[in-house]
Amino acid sequence: MSSIRVLNVAEKPSVAKAVAGILSRQGGGGMRVREGRSRFNKIFEFSYTIRGQQCQMFFTSVTGHLMELDFDDRYRKWHSCDPLQLYHAPVVKYVPEDKLDIKRTLEEESRKCQWLVLWLDCDREGENIAFEVVEVCTQANRHLNVWRARFSALIDRDIRESVEALIRPNQLFADAVDVRQEIDLRIGASFTRFQTMLLKDAFHLDFAADNRNVVLSYGPCQFPTLGFIVERYWEIQSHEPEEFWTINCTHNSDEGIATFNWMRGHMFDYTCAVIIYEMCVQEPVATVTKVRQQEKLKYPPHPLSTIELEKRASRYFRISSEQTMKVAEDLYQAGFISYPRTETDCFSQRTDLRAIVQEQQGHPVWGSYAQRLLDPGEGLWRNPSGGGHDDKAHPPIHPTKFSGGESRWSQDHHRLYELVVRHFLACVSKPAVGAETTVEVDIAGESFSASGRVILEKNYLDVYRFESWGGSMIPTYTFGQQFAPTTLTLDSGVTRPPTLLSEADLLSCMDKAGIGTDATMHDHIKKLLDRCYATKDSNTRFSPTNLGEALVMGYDDMGYELWKPYLRAMMESDMKLVSMGAKRKAEVLETCLEQMKACFQDARSNKAKLFEAMEVFFERSGRSGALEQHTGGDIIRRCGVCQESDMVLRQKPDGNFMVGCLGFPQCRNAVWLPGSIAEAAVTTNTCSICTPGPVFMIQFKFRRLDIPHNYNVNHLGCIGGCDEILKQLVEICGTGSRNTSTTPARARGPTTTSSSNQQRNSRQVACTHCMQYGHSSNVCPSQISHSSSARSRDVSQQNGDSSVPCETCGTPCFSRTANTANNRGRKFYSCQSQGCNFFVWVDNLSNSNGGRRAERANARTGGRGRGGRSGRVNAADTTFVSATGDPVSGRRCFVCGDPSHFANVCPSRGI
DNA sequence: GCAAGGTC
């Protein structure tokens, strides 16, 4: 039987070498290596038998995608077409210049072979690359019999099994990637060209030495990444510190000090806190109600995936994700660590983990730990637990070769290799063991708890020096034991805003939202820095730049969530449907691109929003004619607002006329003219009424059909305030577009309400969440929790949205608003639980807060026990409110107002 | 000059 010549192609040279090595060993024969056209992609030759068929194997590789997608030549230049055309412009898939040598190798080898076996990674991208290879190879030899090998790890058994069970490549998987590529290209290019050409020359971009090189890119991954940064930044900006109160208790004994925390945590209502504090102070005896001793385990981390490597390198060493991937690639190329781009965080059963540990035994620092791991007497070994992710292509990142440190390594190389090794050793180690003691005490019905921990066995913590497990001792307590607290204090604090996102936080956000892949996330982060959309401080925390914030603000003001991850999530779910065969590629492409095109058109018609947002941060340069109303024009009069510049007549891009101050943006004085004007020209006539003069009159020509029939189409008018006809026509026609049913009149920025934006958008674009028309995605009923912006202007405090525990029975009470004749609009808390009659006006609570704070300060710093046993509050001046809502003075019951007792023993509570 | 995805 004659031998079949088989061309095998892997996704990267390392896989070609590894698989060829495994198969040639199994085939029993030797392996020959020869050069291909590309110096990176060698060709391995050996004999092998597939299902009884003698084969002559030729094994080579590509380097990732062989082809690129781009627009047809006619559309590649930025000014070659309207960016809107990019939604339909023809696209071509081609082999770029730097891949031509690989293409030639494939063509030459194909001609010699009968079979083609594709060894691309077993994911959607791999399947797509497979079809690129098929296209090149079958063009050279159309008789090729095409096969796909599916393997999950580069180990003997997997490879042998996959070659015995060859299948056909999966067109649906490849289709899904085609969809993604085309959508990314069209959206990215259209929005990038649009916003760059619109804004770059219109503003003094202070961060750029030369505006000509500035690209304001938009991408479905980079923008949501920027969105995470901006959103957190806005959250911090809009944070309003809120004061809260908590009760703390300490107890000194011969064995040491125990700190007991209030189990309610903290309270935002001072009155509530002080009442409870009073109760504790009245009966300052602590009774131990619970002593719990537990063994606690702290588990080692899961095996290392790319994202975890990036996050941990950032957290432990402050190395950027981009640098981490660079160094990891270096270490991988030199054979010290396994493939660094992997989602997998569990080891295959077949991996020889002990062999990997064995290699590390000689290391001067962690070698002795590796020895302990392998010693059964130590009992330190534990099979690693997986995190449940498996990309079926690569194992978790682990050391593949011992090194005591190479002389050419940088500090980052040393650190990353150490992290990979220590992480691996930790994974196969037992968890740390601790003994935790929790003590709960009761003071006047309030619960407090204290806990302490001692570490019994460090185990993996011995080698994983990056993690610690704080321990603290507490004295011994027994159930029922009573003691007098050493201190019992009512303390205040204020809520703090969240911190800026760290690189590890950002990677987590992206991972959770499915933005980017393990191999590209660091690229998206770097792109934000390169584009000057964000900056990173020395603590690896990200802030948006003015430019980044302005762009997000502009789209947010339009009512669009182009900066949120939902668009990507929708594309991802569509891709999945395509790969499963539930939706056709053409159908998904058509609907998605139609929607994005409508969105693009709408964004373009709302470009004033982007301008307004940019104007918040940047000076206008005056170089752009994009919004003509701000520059040039015939003079009407001197501006009465700034008294420095002239007011000029301008026609806006939408065809409408206005009179604006040349001092814009410093002076925003403007007169908006009726939308029914067809022509307007400044005359030499001056108004005899309006002052200060001269005010030049304008000859208007109105469109007949756009004004009532009793008005003349020709009108010599004045914008100085005297012209009643002009005023009436503004009233009748509005100052916006001619046809309000399709493009409603729109005032400038701040006066435009967000609801009018939403209405406008909803007419043209389907919601990106539910694909329904009639609303935009930021008000989608299916996504309400996503829809509110964190920006302060959008934050509204509504009735019933915050609660305080009822001071009588503890049930959460929500604020409500009175609707009675005397108290309409006044807020109150009223307990809704059955039989409880607690009631208080909110303004009574807040009005008396100032005095109470002073009083509290006095109680804590005055001679009344600061640091002593009882920081008792002087309630003599406190204004309490009775259940009827009437204020009562003095030390009286909070519930019924009776001065003979406090609320904690009020008869109305059945005590 | 534009995207994101492979990889060197």
Side-chain angles (χ1 to χ4, degrees), chain A residues 9-16 38-42 61-71 75-81 83 86-87 89 91 93 95-96 98-99 101-102 120-121 123-133 174 176-198 200-201 208 210-225 306 325-326 328-330 332-334 339-341 391 393-394 510 514-527 530-531 562 567-568 571-572 575 593 596 600:
Chain A
V9 183
E11 189 160 321
K12 42 193 161 279
S14 62
V15 171
S38 149
R39 68 189 180 92
F40 297 112
N41 306 83
K42 316 261 185 236
S61 55
V62 286
T63 44
H65 276 288
L66 184 59
M67 295 179 166
E68 271 177 24
L69 188 73
D70 207 343
F71 295 105
Y75 298 87
R76 284 195 198 180
K77 285 212 173 353
W78 277 44
H79 290 90
S80 65
C81 67
L86 298 179
Y87 286 91
V91 287
K93 227 178 183 188
V95 179
D98 61 340
K99 299 281 174 76
D101 45 7
I102 298 178
L120 287 309
D121 291 357
D123 51 24
R124 283 197 299 240
E125 293 295 334
E127 212 65 20
N128 190 270
I129 300 170
F131 278 89
E132 293 172 358
V133 172
V177 173
D178 283 342
V179 170
R180 200 253 321 135
Q181 285 178 341
E182 196 171 326
I183 294 174
D184 283 348
L185 174 67
R186 293 186 190 277
I187 297 175
S190 58
F191 272 92
T192 301
R193 289 185 192 181
F194 157 65
Q195 61 186 29
T196 304
M197 294 193 287
L198 178 72
K200 173 175 86 164
D201 293 327
D210 183 355
N211 275 26
R212 274 176 304 182
N213 298 327
V214 170
V215 174
L216 305 183
S217 63
Y218 175 88
C221 284
Q222 50 179 279
F223 249 57
T225 307
T306 303
M325 291 314 288
K326 246 186 216 159
E329 180 66 30
D330 251 14
Y332 163 66
Q333 291 292 335
Y339 189 69
R341 287 178 283 276
D391 63 14
H394 308 286
M510 296 169 74
I515 301 298
T517 68
D518 51 342
T520 60
M521 281 184 189
H522 67 275
D523 280 338
H524 301 312
I525 295 175
K526 182 169 181 289
K527 187 151 275 173
D530 291 347
R531 296 278 190 234
L562 290 167
L567 176 66
R568 195 71 190 170
M571 279 168 60
E572 185 59 37
M575 273 173 71
L593 288 174
M596 283 311 297
F600 179 80

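Chain letters run A, B, ... following the sequence lines, proteins first, then strands; residues in each count from 1. A quick note: this is a predicted structure, and the numbers were derived from the prediction, not measured.
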Inset, instruction - Looking at every strand, decide which applies to A/R186 at a 4.0 Å heavy-atom threshold: base, sugar-phosphate, or nothing. - result: nothing
Inset, instruction - Output all residues satisfying side chain to side chain donor-acceptor pair (under 3.5 Å) with A/R180, sequence neighbours left out; order by chain, then residue number. - result: A/E125, A/D184
Inset, instruction - Remember a base hit wins even if backbone is also touched, and classify A/R124 as base, sugar-phosphate or nothing at under 4.0 Å, heavy atoms. - result: nothing
Legend entry - Over all atoms of both residues, closest heavy-atom pair of A/V62 and A/L120: CG2-CD1, 4.2 Å
Inset, instruction - Please check if any side-chain donor atom of A/S190 sits under 3.5 Å from a side-chain acceptor atom of A/Y87, or the reverse. - result: yes
Inset, instruction - For A/T196, report the nucleic acid contact type (base, sugar-phosphate, nothing); a contact means any heavy atom under 4.0 Å. - result: base
Inset, instruction - Indicate, with a heavy-atom threshold strictly under 4.0 Å, whether A/D518 touches base, sugar-phosphate, or nothing. - result: nothing
Inset, instruction - Ignoring hydrogens and angles, state whether a donor on the side chain of A/S14 or A/Y332 is under 3.5 Å from an acceptor on the partner side chain. - result: yes
Inset, instruction - May I ask you to say what A/Y339 touches in the nucleic acid, namely base, sugar-phosphate or nothing, with a heavy-atom cut-off under 4.0 Å? - result: sugar-phosphate
Inset, instruction - Could you pick out which residue, A/D98 or A/F223, lies toward the 5' side of DNA chain B when each is mapped onto its nearest nucleotide? - result: A/F223
Inset, instruction - With heavy atoms under 4.0 Å as the rule, sort A/P220 into base, sugar-phosphate or nothing. - result: sugar-phosphate
Inset, instruction - Please work out if A/R39 contacts a base, only the sugar-phosphate, or nothing of the nucleic acid, heavy-atom cut-off 4.0 Å. - result: nothing
Inset, instruction - Verify side chain to side chain contact (heavy atoms under 4.5 Å, CB included) between A/D70 and A/V91, making sure each step is shown before the conclusion. - result: CA-CA 5 Å; A/D70 207 343; A/V91 287; over 6 Å; no
Inset, instruction - Hey, which sits more toward the 5' end of DNA chain B by its nearest nucleotide, A/H79 or A/E329? - result: A/H79
Legend entry - Touch class at under 4.0 angstrom, heavy-atom based, for A/K527 against every strand present: sugar-phosphate
Inset, instruction - Have a look at A/F191 and say if it touches a base, only the backbone sugar-phosphate, or nothing, with a 4.0 Å heavy-atom cut-off. - result: nothing
Inset, instruction - Under 4.0 Å between any heavy atoms, over every strand shown, what does A/G126 touch: base, sugar-phosphate, or nothing? Just pick one. - result: nothing
Legend entry - Exam field: side chain A/K93 to backbone A/E132, donor-acceptor pair closer than 3.5 Å: no
Inset, instruction - Using a 4.0 Å heavy-atom cut-off across all strands, classify A/N213 as base, sugar-phosphate, or nothing. - result: nothing
Inset, instruction - Classify the nucleic acid contact of A/L69 as base, sugar-phosphate or nothing, counting any heavy atom under 4.0 Å across all strands shown. - result: base
Inset, instruction - Anything under 4.0 Å to a heavy atom of chain A counts; send over the first and last such nucleotide of DNA chain B, read 5' to 3'. - result: B/dG1 to B/dC8
Inset, instruction - Using a heavy-atom cut-off of under 4.0 Å over every strand shown, decide if A/T63 touches base, sugar-phosphate, or nothing. - result: base
Inset, instruction - Please determine, by modelled atom types, if A/Q222 and A/S217 share a side-chain donor-acceptor pair under 3.5 angstrom. - result: yes
Inset, instruction - Identify whether any heavy atom of A/Q222 sits under 4.0 Å from a base atom; if not, whether one sits that close to sugar-phosphate; answer base, sugar-phosphate or nothing. - result: sugar-phosphate
